[in-house]
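Here's the structure, in structure tokens; my notes come after.
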Amino acid sequence: MARVAVGWGVRELAEKSGVSTNTIARLERGEELKASTIEVIRSALEAAGVEFILGNGGGAGVRLRK
């Protein structure tokens with residue numbers, strides 16, 4: 001959801017975060033990744049304006065910074 005919110009394809013997110021397209025595909029399929037890998041992906045998305053919202057009864061989510 002976060003990748004689509006900023007208008008990126010799998011290749012662009014992979015490039016911006018410094019991981020392979022296969023790693024992005026594995027993340028999106030819900031496969032387990034190293035914490036450090038998730039962090040670099042998250043950092044790239046946050047730099048693009050994504051805010052991650054903790055689950056607060058309604059489930060976790062994302063939004064774009066205003």
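This one's a predicted model, so the numbers in the text were calculated from it and none came from an experiment. Atom set for the values below is all heavy atoms of this structure, side chains included, hydrogens, waters and symmetry mates excluded.
The CD1 atom of Ile41 sits 6.0 Å away from the CG atom of Leu33 when rounded to the nearest 0.5 Å. Atoms NZ and CG, on Lys16 and Leu45 in that order, are 11.0 Å from each other to the nearest 0.5 Å.
Using a cutoff of 4.0 Å between basic side-chain nitrogens and carboxylate oxygens, Arg42 and Glu46 are scored as salt-bridged. Under the 4.0 Å criterion applied to side-chain N and carboxylate O atoms, Glu12 and Arg3 are not assigned as salt-bridge partners.
Nearest heavy atom pair, residue Ile24 against residue Ser17, reads CD1-OG, 4.2 Å.
Looking at Glu28 and Val10, their side chains come closer than 4.5 Å, going by heavy atoms from C-beta outward.
Remark: side-chain polar atoms of Arg26 are not paired, donor with acceptor, to backbone N or O of Glu31 under 3.5 angstrom. Under a 3.5 Å cut-off, the side chain of Thr23 and the backbone N or O of Val19 do not form any donor-acceptor pair.
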